[in-house]
Amino acid sequence: MKGKDVDYFAALYDVARVINASLEPSKVLEKIVQCVVRAMGVKASSIRLLDSRERRLVLGASSGLSKGYIRKGPILIEESGIDRKALKGRPVWIENVQTAKDFQYGAKAKAEGIQSVLVVPLLLEKKAIGVLRVYSDKIRRFGDGELKFLKVVSNLSAIALDNARMHETLRVRCDLMAAHKYRIDDN
């Protein structure tokens, strides 16, 4: 086993700890992207989630990207070939986003110093709910170990989001039931 593989096991352990430490999606996603940047030695990472109409990807969390790049504009599924492909359930790699036609904001990526990007879908029961992206500041081919690591992290992220949503739904239902019981007891 290579030394790098051991790092991925440690990074996965960190991601699992983060997921189990909180049911607040924004905190969990923020920690996940930070773990990905550290483990892979990339410039940046982000998680984007499908909006309710499944027309755009909304930022869930990012690490290593400037505020200017984050605010570059909406990620529209119709205009982002890389995300459209990833949302069909397969990882997508672009060697140089600065010149790729499938990348929605190539000029902004160039200004940010981004060259290679790997996008992995967040799958929940075979349905994509978003994407996990890693950004490199140089041309980079991602190895099989890196791709496997990202797939596992993306699946764990999707599960964490689903758990947080179910927890919130249960909390709201409990609050409503308690409020209803309180009104009945007052009568």
Could you check whether Glu146 pairs with Arg140 (Lys NZ or Arg NE/NH1/NH2 to Asp/Glu carboxylate O, under 4.0 Å)? yes
Indicate yes or no: at least one non-hydrogen side-chain atom of Ser62 is less than 4.5 angstrom from one of Ile70. yes
Applying the side chain to side chain contact (heavy atoms under 4.5 Å, CB included) criterion to Val36, which one of Ile47, Val134, Asp14 satisfies it? Val134
Would you say Phe142 and Val120 make side-chain contact, with heavy atoms under 4.5 Å? no
How far does NZ of Lys85 sit from OG of Ser80, to the nearest 0.5 angstrom? 10.0 Å
Using modelled atom types only, decide if a donor and an acceptor are shared between the side chain of Ser66 and the backbone of Tyr69 within a distance under 3.5 Å. yes
Evaluate the criterion salt bridge (Lys or Arg N to Asp or Glu O under 4.0 Å) for residue pair Arg141 and Glu95; output intermediate values, then yes/no. CA-CA 7 Å; Arg141 294 190 187 280; Glu95 183 177 25; 3.8 Å; yes
With rounding to the nearest 0.5 angstrom, report the OG to CG distance, Ser116 to Asn96. 6.5 Å
Please answer: with hydrophobic residues joined when any side-chain heavy atoms are less than 4.5 Å apart, are Val131 and Val117 in the same cluster? yes
Looking just at side-chain N and O atoms, do Ser46 and Tyr135 make a donor-acceptor pair shorter than 3.5 Å? yes
Return the CG to SG distance between Leu156 and Cys35, rounded to the nearest 0.5 Å. 11.0 Å
Side-chain heavy atoms of Lys31 within contact of Lys27, under 4.5 Å: no
Determine whether Leu122 and Leu132 make a side-chain contact, defined as any pair of heavy atoms from C-beta on separated by less than 4.5 Å. yes
Heavy-atom pair with the smallest gap, counting every atom of Leu57 and Gly130: CD2-CA, 4.2 Å
CG-CG distance between Leu49 and Leu29, expressed to the nearest 0.5 angstrom: 6.0 Å
Closest non-hydrogen atoms of Ser157 and Ile32, given as atom of the first, atom of the second and distance, are OG-CD1, 3.4 Å
Same cluster for Leu65 and Ile82 if Ile/Leu/Val/Met/Phe/Trp/Tyr side chains link at under 4.5 Å? yes
Is there a path of hydrophobic side-chain contacts, each under 4.5 Å between heavy atoms of I/L/V/M/F/W/Y residues, joining Tyr13 to Tyr8? no
Do the side chain of Tyr105 and the main chain of Pro74 share a donor and acceptor less than 3.5 angstrom apart? yes
How close do Gln115 and Ile139 get, heavy atom to heavy atom, and via which atoms? OE1-N, 3.2 Å
Shortest non-hydrogen contact between Leu59 and Arg48, atoms and distance: N-NH1, 3.5 Å
Arg84 CZ: over 12 foreign heavy atoms closer than 6.0 Å: yes
Hey, quick one: are Val97 and Leu118 part of the same hydrophobic cluster, counting side-chain heavy atoms closer than 4.5 Å, chains of contacts allowed? no
Between the side chains of Glu79 and Arg56, is the shortest nitrogen-to-carboxylate-oxygen separation below 4.0 Å, so that they form an ion pair? no
Within the 4.5 Å heavy-atom criterion, are Ile77 and Glu54 side-chain neighbours or not? no
In this structure, CG of Leu123 is separated from NZ of Lys127 (nearest 0.5 Å) by 10.0 Å
Test item: side-chain donor near acceptor, Glu30 and Ser63, under 3.5 Å: no
Heavy-atom neighbours of Lys72 NZ exceed 12 at 6.0 Å: yes
Trp93, Val37: one ILVMFWY side-chain cluster at the under-4.5 Å cut-off? yes
If you compare all heavy atoms of Ala86 against all heavy atoms of Val119, which two are closest, and at what distance to 0.1 Å? CB-CG1, 3.6 Å
Would a 4.5 Å heavy-atom cut-off, applied to side chains only, mark Lys43 and Glu112 as touching? yes
Show your working on salt bridge (Lys or Arg N to Asp or Glu O under 4.0 Å) between Asp83 and Arg133 and close with a plain yes or no. CA-CA 10 Å; Asp83 293 305; Arg133 290 183 178 190; 2.3 Å; yes
Exam field: side chain Ser154 to backbone Lys151, donor-acceptor pair closer than 3.5 Å: yes
Side chain to side chain, Leu161 and Ile129, heavy atoms closer than 4.5 Å: yes
Determine yes or no for a side-chain-to-main-chain donor-acceptor pair under 3.5 angstrom, with Gln98 supplying the side chain and Ile114 the backbone. yes
Answer whether the closest heavy-atom distance between the side chains of Leu12 and Val152 falls below 4.5 Å. yes
